[in-house]
Amino acid sequence: MPSRWVADLLSDTLTQPTQAMRLAMAEAPVGDDVFGEDPTVAELESRVAELLGHEAGLFTPTGSMANQLGMRLHVEAGQEVIADSLAHVLRAELGAAAVLSGISSRSWASERGRLEPDAPLGLMSVGAGPYQVSTALIVLENTHNFGGGTIQSLEAIREVRAASQTAGVAMHLDGARLWNAHVATGIPLADYGREFDTVSVCLSKGLGAPVGSVLVGSREHMERARIWRKRFGGGMRQVGILAAAGLHALDHHIERLADDHARAARFASAVGAVAPSVVSPELVETNIVMLDVSETRWAPAELVDAAGARGIRAYAAGPRAVRLVWHLDVDDAATDAATEVFTDLLA
Ligand SMILES: *Cc1c(COP(=O)(O)O)cnc(C)c1O
């Protein structure tokens, strides 16, 4: 179904499966995955695990379920997870870790979601005994969604890993957009992946699959996660039909993320040139552009409405920000149109 928007920059979850992807889905060999008999799911799980430098993988319907399984594996009820205050696991999973797993949480403040090692390491509470909550897990997010597509530095991650591992605290990566960090930096996915006990990645964001995420970790962790996935209601049957979309995306939609990054950068420099307080182009690292409208005459919702009236859809993200996200279904022409509308409204 063609979009009614000239440029739909609401989210990179909106992509329509391509014709080639639909064909791959239609032709996928399938079996009952609850019995471990779907060859396409097995192929996807092992390919993603290998890409990320881990032993095994587990296909999940959503990134939230993959993150919840990751947290469940490392944190006992009554222990805590720590993450930055803008993290998806704390802000956008509706308290699932507390509701489903009895997990307590605390957070540190960050600038645009960027990891400063002292923040988690200073917050971490190890062996707190019978008096305080003990930290069992640190969750990092790369790239950082609400931070505006921020890429985490591998050196910073390694510093946190070294200190937390010594302290016996596990690490989980919410890598919904790890693909974008990999393409933007050229750092192999496995170099990021190996620093964590478990990693979740989304197939349904920039990669353009209709559904699906993969959790990776050790074989033993994935065996336990498989049990909890079933318990959470995520045991799926002939789901190779969806895994096939993920395999197709791995083959065809990773390298092209560079196009999304280039278009987002081009948009940001044009808007930054006419409205320097609104966006600093050097802060646009991947496919997400955050506009800060606090020094303009616009409230976020009003700017979104004005752009919407001219065919450009964006997202009002809090009291001062408007978010735009580039993806598979936004080409150069749509980027030009969005640039014209926003430079016009913000000049
Ligand atoms: C989209 C996203 C997820 C997973 O979201 P689902 O809608 O549950 O698939 C997890 N983390 C981040 C950072 C995301 O952007």
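As the structure lists them, so they are numbered: ligands from 1, and atoms in each ligand from 1. The residues of the chain are indexed from 1 along the displayed sequence.
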Notebook entry, point to check: Just heavy atoms, cut-off under 4.0 Å: does Thr13 contact ligand 1 by side chain, backbone, both, or neither?
Noted result: neither
Checklist line | Which segment of Met65 sits under 4.0 Å of ligand 1 when only heavy atoms are counted | finding: neither
Item checked: Residue pair Ala66 / Thr60: nearest heavy atoms and the distance that separates them -> CB-OG1, 3.5 Å
Notebook entry, point to check: Looking at Met222 and Gly57, what are the two nearest heavy atoms and their distance?
Noted result: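 Heavy atoms of Met222 and Gly57 come nearest at CG-N, 3.9 Å.
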Counting only heavy atoms from other residues, nucleotides and ligands, does the tally under 6.0 Å from [atom1] of [X] exceed 12?
| X | atom1 | answer |
| --- | --- | --- |
| Arg47 | CZ | yes |
| Glu111 | CD | no |
| Glu50 | CD | no |

Need the ligand 1 atom indices (1-based, order shown) with element for anything under 4.0 Å from a heavy-atom of [X].
| X | result |
| --- | --- |
| Asn67 | 10 (C), 11 (N) |
| Asn145 | 13 (C), 15 (O) |
| Thr62 | 8 (O), 9 (O) |

Check: Do His221 and His74 have their ring centres less than 6.0 Å from each other?
Finding: yes
Item checked: By side-chain hydrogen bond (donor to acceptor under 3.5 Å, both in side chains) - contacts of Gln79 (at least two apart) -> none
Report the nearest protein non-hydrogen atom to [atom]: residue, atom name, distance rounded to 0.1 Å.
| atom | answer |
| --- | --- |
| atom 9 (O) of ligand 1 | Gly63 N, 2.8 Å |
| atom 2 (C) of ligand 1 | Lys205 NZ, 2.2 Å |
| atom 8 (O) of ligand 1 | Ser64 OG, 2.6 Å |
| atom 11 (N) of ligand 1 | Asp174 OD2, 2.6 Å |
| atom 13 (C) of ligand 1 | Glu141 OE2, 3.2 Å |

Note to self: Test of understanding: with side chain to side chain contact (heavy atoms under 4.5 Å, CB included), list the residues that count as partners of Val341, not counting sequence neighbours.
What the structure shows: Ala307, Arg310, Ile312, Leu345
Next item on the list: Flag Arg177 as yes when one of its N or O atoms lies below 3.5 Å from any N or O atom of ligand 1, and as no otherwise.
Entry: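 Yes, at least one N or O pair falls under 3.5 Å.
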